[in-house]
2 protein chains.
Amino acid sequence: MKSTITPVPTADVTTASKARGRGPMRSGVVNMKDVAERAGVSTSTVSRVIAQNPAVHEQTKERVLAAMADLNYVVNGLAQSMQGRGSRAVGFLVSHMVGPTFADVAQGVEEEVAKLGDLLTIITTHADPSGEMKALQQMREQRARAVLLVGASPTGQDYEERLRKYQEFLSATDTQLILCGHQHVSSVPGLQSVDYDNIGGIRAAVEHLAALGHRRIAYLGAAEGHSTAEQRLRGFELAMKDSGLDLDPAIIPASTFEVEPCEAALENLVSTGADFTAVIAARDEIAVRALRVFRNHGLSVPDDVSLVGFDDMPFMGDLTPALTTVRVPYRELGRRAGMLITDSGPDSPQVLPVELVVRASTSALHE
Amino acid sequence: MKSTITPVPTADVTTASKARGRGPMRSGVVNMKDVAERAGVSTSTVSRVIAQNPAVHEQTKERVLAAMADLNYVVNGLAQSMQGRGSRAVGFLVSHMVGPTFADVAQGVEEEVAKLGDLLTIITTHADPSGEMKALQQMREQRARAVLLVGASPTGQDYEERLRKYQEFLSATDTQLILCGHQHVSSVPGLQSVDYDNIGGIRAAVEHLAALGHRRIAYLGAAEGHSTAEQRLRGFELAMKDSGLDLDPAIIPASTFEVEPCEAALENLVSTGADFTAVIAARDEIAVRALRVFRNHGLSVPDDVSLVGFDDMPFMGDLTPALTTVRVPYRELGRRAGMLITDSGPDSPQVLPVELVVRASTSALHE
DNA sequence: TTGTATGCGTTATCAT
DNA sequence: ATGATAACGCATACAA
């Protein structure tokens, strides 16, 4: 029968309190050498047992395993990572951890990288270049396998320049850089990306409204300088043109991707009696505000005006009226990004399709 | 003038391709020794510069800094951590990364631990003991500073036993175990916890309804075996008693904490003409379904029946009618957990207060 | 102020 | 099948 020693984890180890000369103190945690001594073998053998190396005698292996159990041994992953195989960290950089879209993307990534035993490290950058650099530096120091830049970014030459710097920055530690939920940037060599079809989503919305007879479609969230906002706006412009509809600046108020300014802009549109029969909101959160504005003004959705959102956030189908919106496969987006890291997906830039979910907030134009 | 050498990160390092005898191959990444040689100093000096040790001559320091820049040197955080210096991992274990509550808690934790330079590692356990153990093992191997068990859990002796095991398990690597969003478990010594006031939240809901004249209050989400569900149900029972109201099993259908069964239970209640004037849903998501059921049956909220939810998820104020619900400070919950790790908060078990947000779904009982 | 020597815990190579 | 040894990259005690 096996011995039933109850080990006291951090104490009673042979060398625990050994008086030593130089260098830092022992952590007090059981290490491989302790196991080796207890099992009467060398550390090499212990290492082999851990690595499941078959070239270990069955009996020896059992002795080692027993020693490990007795001493409550836990292999040091940091030391393992130092042996060249690289660390198992995958960095997930996001401006803020906000809402279900973040959660879905993160979940998708985790599902994939966990398959290989990689660890997802999430850092918020506060939408700040210096925060971004700080996070990248941490990921370099951790010798991360990959870093995901998740979500929208400022647009323009500046940012591409920054990405280029990031890419070079990370190359010093052989860390892969991946854009997730951001249009592909071809000017940065070696930069991979996974995105979803913003343009197609807005196009679907426009075509849906056009098919219902709408010709005067307002757009909320028209903004420059924000990658996602620009993509969606561009989609709107393209689709309107392709549908033979007029792009009237009067009902495409320039604002930001934020909720408040859009609400104010719509408020203004409604108060001044602007001419439109439908509204496309660049984000569900804007659409929700629009709903509120219309209600305040005694306007009925969809009888007086049709409304389409974007993202299909939770509860959008539970509003009154239920919101017609564009569903984005955020979870799948994360999964694809993860597959890029684990080499189980194609290397070419991916753009995931989105889907228009038609609900009650849109209806055919009367007469 | 300084030299303007453009360094090629992973190549051209003096010892990069040195033929060697034993051990693993060099990673090819610039290390401290490379920097030391280039600066004409010892690695000790380089180390001191990195550690901001003031006992380094200004000129020497600049030479070292220059060498680091030239070679594109990045300190190895893993090696640092092995000396007890570098940043450490903080594990965030959650069954699924779902919704804004998860995101808020995680954001709160990150805010705090980032202050010490620690890294937040998020792992999903799939509500599965073996997944939990796997995650704990990974965190031990990473020598994590702390592990957070986030969210509800199964209840019962079994689970407390498991927690005890977890605690002992993690003690082998000096890793702190913290419960977050779960009632304190005093039977496990050394186990810390941060929770919010489920009981008080439901009590506030009951008292609000009672003040409005309601006496027949139904409860949706009455379930055993789920820590949060049990807490809230217990809060309901206590508050009803304290308010002098009857606990009628007929309108407290036993179900689960899941949405579907609760919806079915309410459907049944309504169809059979059960006697109640108000409903408390144990979660907002259940409340949303209740809204749907009432609408389908032509019942008006709050005219025919008042409704209260719990969590104050996004958009609850945008429903029709706007939902009265209990707001939980999830972000602050995360922050407190983080403070436990960084030792900037009290060690005693914390229970954060919640707040009833009164909106349109509740109203005074007619006559 | 700086360098030397040693240790952190692991794995890979070579030799037996 | 097993062990001795030399890395991995860094930090510290001590000597100078």
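Heavy atoms only: backbone and side chains are in, while hydrogens, waters and symmetry mates are out. Just so it is clear: chains get the letters A, B, ... in the order the sequence lines come, proteins before strands, and each one is counted from 1.
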Under 3.5 Å, which donor-acceptor pairs do the side chains of residues 110-117 of chain A form with other protein atoms, sequence neighbours left out?
| from | atom 1 | to | atom 2 | distance (Å) |
| --- | --- | --- | --- | --- |
| Glu110(A) | OE1 | Thr124(B) | OG1 | 2.7 |
| Glu110(A) | OE2 | Thr124(B) | N | 3.0 |
| Glu111(A) | OE1 | Arg335(A) | NE | 3.0 |
| Glu111(A) | OE1 | Arg335(A) | NH2 | 3.4 |
| Glu111(A) | OE2 | Arg331(A) | NE | 2.8 |
| Glu111(A) | OE2 | Arg331(A) | NH2 | 2.9 |
| Glu112(A) | OE2 | Lys115(A) | NZ | 3.1 |

Is Gln83(B) side chain donor-acceptor paired with the dG7(C) base, going by distance under 3.5 Å alone?
yes
Position toward the 5' end of DNA chain C (nearest nucleotide), Ala79(B) or Glu58(B):
Glu58(B)
In terms of heavy-atom contacts, Ser95(A) and Ala127(A) come closest through CB-N, 3.5 Å
May I have the distance from Lys33(A) (atom NZ) to dT6(C) (atom C1'), rounded to whole angstrom?
12 Å
For residues 116-134 of chain B, which residue pairs pass the salt bridge (Lys or Arg N to Asp or Glu O under 4.0 Å) check, not counting sequence neighbours?
Asp118(B)-Arg145(B), Glu132(B)-Arg162(B)
Contacting residues from residues 41-50 of chain B, given that a heavy atom lies under 4.0 angstrom of DNA chain D:
Ser44(B), Ser47(B), Arg48(B)
Looking only at side-chain atoms of Thr60(A), point me to the closest of dA11(D), dT2(D), dG9(D).
dT2(D)
By the 4.0 Å heavy-atom rule, please label Met32(A) as base, sugar-phosphate, or nothing.
base
Check the distance between dG3(D)'s P and Arg63(A)'s CZ and give it to me in whole angstrom.
8 Å
Take the protein atom CZ of Arg143(A) and the nucleotide atom P of dT10(C), then report the distance between them rounded to whole Å.
20 Å
Residue set satisfying side chain to side chain donor-acceptor pair (under 3.5 Å) with Ser153(A), at least two apart, ordered chain then number -> His182(A)
Take atom CD of Gln52(B) and atom P of dA11(D), then tell me their distance rounded to the nearest Å.
12 Å
Give me the atom names and distance for the closest heavy-atom approach of Pro346(B) to Leu340(B).
O-CD1, 3.1 Å
Of all the nucleotides listed (dT12(D), dC10(D), dT10(C)), which has the minimum atom distance to the side chain of Val75(A)?
dT10(C)
Angle, rounded to 10°, between the helical axes spanning five pairs at each terminus of the helix from dT1(C)-dA16(D) to dT16(C)-dA1(D)?
40°
Identify all side-chain donor-acceptor contacts of residues 51-61 of chain A below 3.5 Å with residues at least two apart in sequence or on another chain.
| from | atom 1 | to | atom 2 | distance (Å) |
| --- | --- | --- | --- | --- |
| Asn53(A) | OD1 | Ala55(A) | N | 2.9 |

Student check: side-chain heavy atoms of Leu149(B) and Leu163(B) closer than 4.5 Å
yes
Can you tell me the distance, in whole Å, between the CG atom of Asn53(B) and the P atom of dC10(D)?
17 Å
Atom CE of Met82(A) and atom P of dT10(C): how far apart are they, to the nearest Å?
12 Å
Using the six-membered ring wherever Trp is involved, compare the ring planes of Phe102(A) and Phe102(B) and label them parallel, tilted or perpendicular (cut-offs 30° and 60°).
parallel
Minimal heavy-atom distance between Val194(B) and Leu333(B), with the atoms involved, is CG1-CD1, 3.7 Å
